[in-house]
4 protein chains.
Amino acid sequence: MESTYDRLVSAAIKLMIEKSYAGTSIGMLAEEVGISKSTVIHYFKSKEGILLAILENFFPVAIKELRTVVNNKSISGTEKLRRFLYFQMKLVAESGDVLTLVIRETRYLGEEHRKIYNQRHREYEGLVVKIIEQIQTEETSLFKNKDKNLVMKAIFGMCNYTTIWYRPEGPLRIDEIADQFFDILSCNV
Amino acid sequence: MESTYDRLVSAAIKLMIEKSYAGTSIGMLAEEVGISKSTVIHYFKSKEGILLAILENFFPVAIKELRTVVNNKSISGTEKLRRFLYFQMKLVAESGDVLTLVIRETRYLGEEHRKIYNQRHREYEGLVVKIIEQIQTEETSLFKNKDKNLVMKAIFGMCNYTTIWYRPEGPLRIDEIADQFFDILSCNV
Amino acid sequence: MESTYDRLVSAAIKLMIEKSYAGTSIGMLAEEVGISKSTVIHYFKSKEGILLAILENFFPVAIKELRTVVNNKSISGTEKLRRFLYFQMKLVAESGDVLTLVIRETRYLGEEHRKIYNQRHREYEGLVVKIIEQIQTEETSLFKNKDKNLVMKAIFGMCNYTTIWYRPEGPLRIDEIADQFFDILSCNV
Amino acid sequence: MESTYDRLVSAAIKLMIEKSYAGTSIGMLAEEVGISKSTVIHYFKSKEGILLAILENFFPVAIKELRTVVNNKSISGTEKLRRFLYFQMKLVAESGDVLTLVIRETRYLGEEHRKIYNQRHREYEGLVVKIIEQIQTEETSLFKNKDKNLVMKAIFGMCNYTTIWYRPEGPLRIDEIADQFFDILSCNV
DNA sequence: AATGAATGAGGCTTCATTCAT
DNA sequence: AATGAATGAAGCCTCATTCAT
């Protein structure tokens with residue numbers, strides 16, 4: 001069975017994305033997992049600690065996975081973009097938009113931690129920028145004359161916004177959404 | 001000079017977008033504007049009233065303006081898209097992402113109010129869907145075989161995400177961002 | 001009738017001397033005065049604010065009164081000592097040993113406030129040192145060859161310890177205690 | 001090397017004198033000694049047990065030592081006073097004012113324990129009263145017509161207050177302070 | 001001898017709100 | 001139009017303690 005700690009982290013991700021950091025109380029978390037408030041503190045020391053644990057839980061895994069895609073020398077830039085979109089959308093579907101959580105809520109972290117996570121966030125974004133660069137090099141027209149950072153932000157905006165409106169019971173599956181996003185971006189018909 | 005009420009609404013938009021509804025307290029708002037907590041309540045009756053005022057302040061104006069664009073029979077769908085992007089980005093730049101605020105925080109409204117605002121929100125989105133439909137009719141390839149609702153969400157995602165990362169002192173002006181977004185979506189080089 | 005604020009300060013002095021700062025809770029204070037915990041915070045902003053109010057309430061009055069004794073040019077040093085002992089013992093009897101509270105608990109104040117109060121405390125002690133200096137000048141033998149600061153500390157020790165053991169229903173009245181303290185110090189029989 | 005138990009008692013004395021009983025937590029104690037909270041409880045059963053251990057550690061030793069001074073038939077009362085002052089000041093310097101801890105904090109002990117320790121405390125004070133009685137008998141003038149209990153309290157006040165202001169790096173050594181206290185009390189020049 | 005998991009009670013504080021002015 | 005007094009509910013956190021290991 002899943003450890004209390006893991007169940008807490010999962011519940012925290014779910015709640016904080018849905019209700020925002022400030023809108024999520026330790027009591028809610030405790031109730032969700034079926035333990036006492038004190039036990040939540042026992043594991044995370046403080047509310048900030050919960051956010052920290054989420055981020056610690058997210059970035060190492062996500063960056064690693066994305067990096068293997070980006071560093072793969074045998075596939076094209078557009079294929080990498082396609083794979084990234086699948087990866088990111090799966091992430092959004094599974095654990096909500098942890099990335100937006102990162103951006104929106106790192107303000108609640110102490111200076112030191114905030115720096116670390118901003119850095120990791122930039123690293124994550126940087127990997128997507130690399131994909132765009134590769135596309136700009138390989139393709140004749142896609143993303144030509146575009147600011148690569150802006151394209152990256154556009155892509156993340158598209159994907160992350162999904163957290164807000166996506167419902168599993170809706171008409172489109174997560175992979176269909178990823179497909180269509182890919183088509184929109186790559187100008188496929 | 002701006003009325004106390006107007007200063008309160010502006011401050012409320014700023015704070016609630018930055019810190020989320022739950023993360024913004026009446027005390028903060030009072031301090032920001034330099035009046036007492038009691039006076040804030042005096043104007044809005046309750047915290048929910050503040051959110052209400054923001055929405056009331058936003059939708060009628062925004063919907064009206066967007067509608068004149070959409071209903072204009074003499075311009076093409078792509079041109080409408082371009083104009084919408086300018087309009088939306090200006091909105092985001094000026095008063096932050098009120099739309100995301102709407103989506104994220106209407107949960108704090110009482111049932112009746114929530115319904116009203118969800119409806120207005122859908123109306124706003126619907127206007128953008130109409131633009132996409134016009135494009136699908138006119139153009140040979142753009143947005144062909146795409147779910148028009150998904151395209152709409154993709155566009156809003158792109159635009160609204162700007163609130164999170166856009167800094168006026170950054171390298172791109174708001175209208176340049178709108179331009180590039182238009183190019184990305186319309187597959188212009 | 002006494003204001004809520006004044007009643008709170010009096011109750012706080014009483015409780016904090018009896019139970020120490022850490023041992024006194026805002027809830028106790030509220031109950032003692034018959035109001036809610038929130039109201040205590042309403043007046044003092046924080047627990048530290050209570051300590052601050054006590055000190056602000058004590059020092060200006062005490063220093064002023066002691067200063068008029070010390071600056072009186074027409075009375076002898078020993079007479080000043082006698083008067084100080086009466087004054088200090090009355091203080092101790094009335095409002096407990098606020099001075100020891102100051103010394104013991106200023107650690108709970110923020111740096112800035114702590115400095116201010118340490119300074120005032122030194123000023124208060126300094127006035128007693130002046131009395132001892134006058135005695136050393138006038139008298140042939142009393143306090144000769146003694147460290148004036150140590151004598152001062154000895155006197156305060158004697159007086160302040162009273163808070164711990166003095167009971168109004170005990171065999172000695174406050175003025176009798178002051179009298180005997182004076183005799184012990186001045187070597188009167 | 002010192003046993004964990006002994007290190008805990010030492011740390012507890014230090015912390016509780018500095019921060020008061022209520023202001024000292026088991027967690028602090030654990031951290032100070034570098035072990036876990038559970039281990040502290042393991043040794044003392046409860047927080048009250050810590051106070052108990054301190055007192056048990058203090059009184060038997062202190063009373064025994066003071067008694068040998070008081071019962072010594074071959075020395076004068078004033079000499080006994082002098083020796084007591086040395087003894088008491090050394091105690092204060094070494095382990096802080098455990099006596100004041102006793103008076104201030106025995107309130108936190110259960111009824112039975114409180115009785116025992118109040119009794120021991122009275123016994124300790126009684127030994128000093130005996131010294132004063134001897135002085136009143138032998139000397140012609142010292143402490144004549146004074147309430148012997150009040151004199152005792154005055155002496156303890158002087159000595160115990162030292163805990164609050166004494167700093168090893170200050171201008172006076174512990175034995176010099178004892179000397180001057182003796183002179184002040186015995187009216188020596 | 002020593003510890004981690006878990007908790008209930010309580011402490012400080014924030015907060016939205018009511019009321020009287 | 002604006003505010004201070006007062007509060008109940010809730011939030012974060014500390015703490016002493018129990019239990020199993």
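By convention in this document, chain letters (A, B, ...) are assigned in the order of the sequence lines, proteins followed by strands, and residues within each chain are numbered from 1.
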For the pair made of [atom1] in [X] and [atom2] in [N], what is the distance, rounded to whole Å?
X	N	atom1	atom2	value
C:Y43	F:dT3	OH	C1'	14 Å
D:L109	F:dA16	CG	C1'	16 Å
D:K45	E:dA1	NZ	C1'	13 Å
C:K37	F:dC12	NZ	C1'	13 Å
D:I50	F:dT17	CD1	P	8 Å

Pairwise 5' ranking along DNA chain E for C:S46 and A:T39, keeping only the more 5' one:
A:T39

For E:dG4, take OP1 and OP2 only and decide whether either is under 4.0 Å from a side-chain N or O of D:S38.
no

Looking at B:R7, is its backbone amide N or carbonyl O close enough to the side chain of B:S10 to form a donor-acceptor pair, meaning the two atoms are under 3.5 Å apart?
no

Looking at every strand, decide which applies to D:I26 at a 4.0 Å heavy-atom threshold: base, sugar-phosphate, or nothing.
sugar-phosphate

Let's see if you can work this out: which of [options] has an atom nearest to the side-chain heavy atoms of [X]?
X	options	result
A:S36	E:dA16, E:dT7, E:dT3	E:dT7
D:H42	E:dT7, E:dA2, E:dT13	E:dA2
D:I41	E:dA2, F:dT17, E:dT17	F:dT17

Taking B:R120 first and then B:E56, would you say they form a salt bridge - that is, a charged N and a carboxylate O separated by under 4.0 Å?
yes

Would you say the side-chain atoms of B:E112 and B:Y117 include a donor-acceptor pair closer than 3.5 Å?
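Looking only at side-chain atoms, B:Y117 and B:E112 do not form any donor-acceptor pair under 3.5 Å.
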
